[in-house]
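Structure first, commentary second.
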Amino acid sequence: MHPFQDGNGRIGRLIMFKECLSYGIVPFIITDEIKMFNYRGLQQWEHIPEYLIDTCLSAQDSYKSLLDYFRIKYKSAERLLQE
């Protein structure tokens, strides 16, 4: 994924990570294991947006398991919707 002309996807991923944190959203990391699902989700967004949404939520669940392991508190999606 290269959102910038120079092909530097690291900057785009850093911005996405920072924006998740600034809005109180548990960040997610697209690992090599799910990279192809992410590409499919991006390609099919107009027709089947659930592909990308499910991939991101799955990655977010993996991140949450790390937060749970280290006993780092975070707001659940249900709590964010109530605020």
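The first residue of the sequence shown is numbered 1, and numbering continues consecutively from there. None of these values were measured; they are calculated from a predicted model.
Considering only heavy atoms from C-beta on, K73 stays 4.5 Å or farther from L67 through its side chain. Side-chain contact check for Y74 versus I25: every heavy-atom pair is 4.5 Å or farther apart. The shortest distance between side-chain heavy atoms of N38 and I34 does not fall below 4.5 Å.
L66 and I72 are members of different hydrophobic clusters when ILVMFWY side chains are connected at heavy-atom separations under 4.5 Å.
Heavy atoms only, all atoms of each residue included: K64 and V26 are closest at CG-CG1, 3.7 Å. The shortest heavy-atom contact between A59 and I29 is CB-O, 3.5 Å.
Note: R13 CZ to M16 CE = 8.5 Å, rounded to the nearest 0.5 Å. Here L52 contributes atom CG and R40 contributes atom CZ; the two are 10.0 Å apart, rounded to the nearest 0.5 Å. Put simply, CH2 on W45 and CD on E50 are 8.0 Å apart, with the number rounded to the nearest 0.5 Å. Rounding to the nearest 0.5 Å places OG of S58 at 8.5 Å from CD1 of I30.
Residues satisfying the side chain to side chain contact (heavy atoms under 4.5 Å, CB included) test with F17, not counting sequence neighbours, are L21, P27, Y63. The side chain to side chain contact (heavy atoms under 4.5 Å, CB included) check on S22 picks up K18, E19, with sequence neighbours excluded.
Chaining together hydrophobic side chains whose heavy atoms lie under 4.5 Å apart places Y51 alongside I48.
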